[in-house]
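Let me begin by presenting the structure, written as structure tokens, before commenting on it.
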Protein chains: 2
Amino acid sequence: MKPAHRKIEAPRVTVDIVIFTIEEAKLKTLLIKRKFDPFKNIWALPGGFVRSKEDIYAAALRELSEESGISGVYLEQLYTFGSPKRDPRGRVITIAYFALASRQKLRIRSASDAKDAGLFSVDDLPRLAFDHKEILEKALERLGNKIQYTNVLWSLLPEYFTLGDIQRVYEIIWGKKADKRNFRKKLLSLGLLKPIGKLRKGLRRRPARLYQFKTKKYVELKRFF
Amino acid sequence: MKPAHRKIEAPRVTVDIVIFTIEEAKLKTLLIKRKFDPFKNIWALPGGFVRSKEDIYAAALRELSEESGISGVYLEQLYTFGSPKRDPRGRVITIAYFALASRQKLRIRSASDAKDAGLFSVDDLPRLAFDHKEILEKALERLGNKIQYTNVLWSLLPEYFTLGDIQRVYEIIWGKKADKRNFRKKLLSLGLLKPIGKLRKGLRRRPARLYQFKTKKYVELKRFF
DNA sequence: ACAAAAGTGTTTTCATTACACCCATGG
DNA sequence: CCATGGGTGTAATGAAAACACTTTTGT
């Protein structure tokens, strides 16, 4: 590039991605089993090195697509982890990202440096490589806050869904039940949803109205629930 | 260090710090005039390279102390900026930090690579080097949010202060007036303050009660104002 | 007929907002 | 005596929380 590199030993820089989704009424995250040392055969967050001329957000998008076959989901920067000891190979700083995807969008496939890939409930995680547990905890905290004042959790739902579906997602993330009438009242009053005029039938119960989001772009609300 | 460095060209990594303070009833930030190219003689955020074995938070603390002579103030990671074009010398990723200090604590002194240093009102900024304007805007946004659900802005105030002082700080950051009675009612109901039993006299008006914070550690509230 | 979730309003409680006057001091 | 901010309470409004029963379907 340019000459100006002086004496500072440059760390290497990676991106790691916490991808949340809902499956089997649980909040889950995508992990990759490492194929190489260090932490060979230990589960880790998907991620990889930032390329020389690549924007860090673009790097996160690339990793997201490589390791989970998805695009068009919510992705934001989470936090940067830079303890000098976090990687036994040497100095590696990682910029963690935070993604939300509906289960339908996720196509889990193994990438070149991963032996296996899978979804794990955040309540029941295996041992994680590096400081990835800490990263995951930060992501969970962010998720819990974020759904209170934005519409991002729409990214966790499929195109059409019922009010029951969406309430279940909230309850999973918050870990507690909400009152059905109050929930629906509040949610509908926000004006983010429109009914598509169809019902979901075929389950052995009363059919529910299906809704979709008027818009899928990020909206910050004063406060949510 | 270790051998594992493969083919990836490592970016260099810096920290930059947005230090906010209140002076002359304005929200101000510390800027340093650059002594060298690129952007020679242009104002920039204080910052510098992360050292090889230095934690990034420690690097931010070090820069904070070198360039503003302060310690014991509020400091948190803000965001990481990593556009490949942000530094004309080559790839530099910066981890931005966000600090709050009372004017009394700030000892502005020029560091080795700075020609000059000064406080600038955020409403009236000079041209800034690199993408520092973008960083500052992100910091302002964070500040505005943060004072709504935490007690951090205590870092902007001196040890003892009046309710009028603290209200003024809020009004400066929010850019609008608050009702005195409601403000005091709410603030006192939070239970974060204790009166020290003295009055601030000597101004040509009625003396005001002085308060201090019961604790100076970071507290998140459900919601603030 | 039964199980399971869908759907629907009213009341109570609490927090926020709006609002106006007297007080104590220094100059 | 005047200018300046200090100090105080109440009523109206609006948002959140508590609360239970009927409906519709598939099996």
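Please read all numbers here as calculations on a predicted model, not as lab measurements. Letters go in sequence order (proteins before strands), and every chain restarts at 1.
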Salt bridge check, [Y] against [X]: does any charged N sit closer than 4.0 Å to a carboxylate O?
X: Lys216(A); Y: Glu159(A); value: yes
X: Lys26(A); Y: Asp124(A); value: no
X: Lys133(A); Y: Glu137(A); value: yes

Whole-Å distance separating the [atom1] atom of [X] from the [atom2] atom of [N]:
X: Leu188(A); N: dA15(D); atom1: CG; atom2: C1'; result: 16 Å
X: Arg204(A); N: dC2(C); atom1: CZ; atom2: C1'; result: 9 Å
X: Leu187(B); N: dT8(D); atom1: CG; atom2: P; result: 13 Å
X: Phe161(B); N: dG6(D); atom1: CZ; atom2: C1'; result: 16 Å

Tyr170(B) and Phe183(B) aromatic ring geometry - parallel, tilted or perpendicular at 30°/60° bounds: perpendicular
Student check: side-chain heavy atoms of Lys146(A) and Tyr74(A) closer than 4.5 Å: yes
N/O (side chain, Lys186(B)) to phosphate O (OP1/OP2, dA15(C)) under 4.0 Å: no
Sub-3.5 Å pairs of nitrogen or oxygen atoms, protein against nucleotides 6-10 of chain C:
unit_1: dA6(C); atom_1: N7; unit_2: Lys180(A); atom_2: NZ; d: 3.0
unit_1: dA6(C); atom_1: N3; unit_2: Arg206(A); atom_2: NH1; d: 3.3
unit_1: dG7(C); atom_1: OP1; unit_2: Arg209(A); atom_2: N; d: 2.8
unit_1: dG7(C); atom_1: OP2; unit_2: Arg184(A); atom_2: NH2; d: 2.7
unit_1: dG7(C); atom_1: O5'; unit_2: Arg184(A); atom_2: NH2; d: 3.3
unit_1: dG7(C); atom_1: N7; unit_2: Lys180(A); atom_2: NZ; d: 2.8
unit_1: dG7(C); atom_1: O6; unit_2: Lys180(A); atom_2: NZ; d: 3.2
unit_1: dT8(C); atom_1: OP1; unit_2: Arg209(A); atom_2: NH2; d: 2.6
unit_1: dT10(C); atom_1: O4; unit_2: Lys185(A); atom_2: NZ; d: 3.0

Of all pairs that satisfy salt bridge (charged side-chain N to carboxylate O under 4.0 Å, His left out), the ones with a partner from residues 204-213 of chain A, not counting sequence neighbours: none
